[in-house]
Amino acid sequence: MSRFLQIFCTVLSASLIALSIPNEVLVFGSPLIGLIALYPFYIAMNRSSSLWESFYLCFIHGALTHLLSSFWLGNFAGFAIFTLGASDLGTGFFEGFFSLGFYFPILFRAKSQRLNFIAGKMHFLIPFRIFWFTSLYVIWEYCKSTGFLAYPWGTLSMTAYSWPLITQIADITGVYGITFLFALFSACLGEGTLLLTEVSNTEQGRLVFVSYKKVCACLVSLLTVSLFYGAYQILKERNPVKSMNTLLVQQNRNPNRREEEENILLAEKLTQTKLDEYSESEESCDLVVWSEAVLSKRFPAAEVYYSFFPSEEPLVKFIKKNRTPFIIGGPVVFNDELHEYGNSALLFDKDG
């Protein structure tokens, strides 16, 4: 496989992932595209001839997937070099680190073993390659979604949003069970394509395909069980034990520090309008939720600041006036000496 074709397959795979998650073109994403998104990447990786080749393919895949699915990180005024540039490079190198694992099964495909494989004597490598790739990709998504990176956007599980029958398994496996199913589908498709070019014309090809068919049968079984479980969960009768009226407010403005006063005043205006509607309908609002990064000053020290800001309608006084708990996105200092800060959800009780 030429280097150009390998890069093309990698770029295509990254583009398919970005297209299949919720985006401006497909608002709720596309599970069908998500199922085959890793298909070109599987072929490209299995045609790697060296660890270096495997590394730069993983780097391209990680960086491009992040860039195409998170391009909006470039809208942070003055910080785009970090929010998009640095995170893109970091994601690329991090997936590149996993190339060590992705390349491992290729070591079994040395020329000295090729005849044994075609003769059907090493057919066990087929399920090994498929499940190894699938499992490693799940581990990669887990690592990028937790810990220091903690950025679970642009993952395969997000592509399944429109298929609630499949997503129900998340209450058992977490979202990584969904990623496993989708990655396994792509891997099976990719392995089948490779086998057609390698052993379809050999006398022992049937033995190899028997092993491949067993993996496909396993995939079908997992999908079937997941669908039945999903149907059971969706049809199961639910009896809510508690309910609450929640007001979600999105002021849809750039969370720029220079515009913080305007942003808060707009959020207050939108909130007050809806709270008044609650009062007129003789209903109560149990909770108000504002969006991420509305507040820019760091808590807990900023509590006093927002008792006087904005000057037109101080935030804390606004909350006290409406006697309703608020959850608002803003930064928190965990340990100033160690420079440990967090993007947090701040809960204000009804007294502000």
Side-chain angles (χ1 to χ4, degrees), residues 3-48 53-76 80-103 132-162 174-176 178-187 189-190:
R3 182 168 298 183
F4 172 80
L5 195 54
Q6 276 185 309
I7 295 175
F8 172 78
C9 286
T10 303
V11 170
L12 177 60
S13 177
S15 302
L16 289 175
I17 294 176
L19 184 62
S20 58
I21 68 171
N23 58 77
E24 285 74 13
V25 179
L26 300 172
V27 179
F28 296 112
S30 172
L32 285 175
I33 298 177
L35 276 175
I36 63 170
L38 290 181
Y39 165 55
F41 186 55
Y42 183 89
I43 293 177
M45 292 303 297
N46 274 275
R47 285 292 180 259
S48 297
E53 203 169 79
S54 178
F55 172 81
Y56 73 70
L57 290 176
C58 284
F59 178 88
I60 292 172
H61 189 264
L64 189 59
T65 300
H66 181 76
L67 180 66
L68 294 177
S69 62
S70 302
F71 62 90
W72 43 269
L73 288 172
N75 293 327
F76 284 78
I81 188 66
F82 302 106
T83 55
L84 183 58
S87 65
D88 192 53
L89 285 175
T91 304
F93 276 109
F94 194 39
E95 185 167 340
F97 172 78
F98 278 79
S99 62
L100 292 167
F102 284 119
Y103 187 71
W132 180 269
F133 175 89
T134 301
S135 301
L136 199 61
Y137 195 85
V138 172
I139 295 172
W140 146 244
E141 284 205 348
Y142 171 79
C143 291
K144 81 179 285 286
S145 302
T146 56
F148 176 74
L149 292 179
Y151 189 70
W153 184 262
T155 55
L156 273 184
S157 57
M158 297 182 67
T159 70
Y161 176 80
S162 299
V175 295
Y176 306 105
I178 303 168
T179 294
F180 183 87
L181 287 178
F182 277 55
L184 182 60
F185 188 95
S186 287
L189 199 61

Polar side-chain atom of Asn46 near backbone of Tyr42 as donor-acceptor pair, under 3.5 Å:
yes
Min side-chain heavy-atom separation Leu38-Phe133 under 4.5 Å
yes
Listing request: all side chain to side chain donor-acceptor pair (under 3.5 Å) pairs with a residue in residues 8-23, at least two apart in sequence or in separate chains.
Ser13-His61
Please say whether more than 12 non-hydrogen atoms of neighbouring residues, nucleotides or ligands are located less than 6.0 Å from CZ in Phe97.
no
Tyr161 side chain reached by Pro31 side chain, heavy atoms, under 4.5 Å
no
Check: Thr134 and Phe182 side chains under 4.5 Å, non-hydrogen atoms:
no
Output yes when a side-chain donor or acceptor of Ser186 lies under 3.5 Å from a complementary backbone atom of Ala183, and no otherwise.
no
Side chains of Met158 and Pro152 in contact at under 4.5 Å (non-hydrogen atoms)
no
Note: Leu68 and Ala18 closest approach over all heavy atoms is CB-CB, 3.5 Å
Ignoring hydrogens, what is the shortest heavy-atom contact between Gly101 and Trp132? Give both atom names and the distance.
O-NE1, 2.7 Å
So, Tyr151 and Ser70: side-chain donor and acceptor under 3.5 Å apart, yes or no?
yes
Heavy atoms, side chains only, cut-off 4.5 Å: are Leu156 and Ile178 in contact?
no
Step-by-step side chain to side chain contact (heavy atoms under 4.5 Å, CB included) determination, Thr155 to Val175:
CA-CA 9 Å; Thr155 55; Val175 295; over 6 Å; no
Just by modelled atom types, is the Glu95 backbone N or O under 3.5 Å from a matching donor or acceptor in the Trp140 side chain?
no
Counting N and O atoms only, with roles assigned by atom type, does the side chain of Thr65 sit under 3.5 Å from a partner on the main chain of Gly62, one being a donor and the other an acceptor?
no
With sequence neighbours left out, write down each residue that passes side-chain contact (heavy atoms from CB on, under 4.5 Å) with Tyr142, or none if nothing qualifies.
Thr146, Tyr176
What orientation do Phe41 and Tyr137 show, parallel under 30°, tilted 30 to 60°, or perpendicular over 60°?
perpendicular
Rounded to the nearest 0.5 Å, what separation is found between the OG1 atom of Thr159 and the CD1 atom of Ile33?
9.5 Å
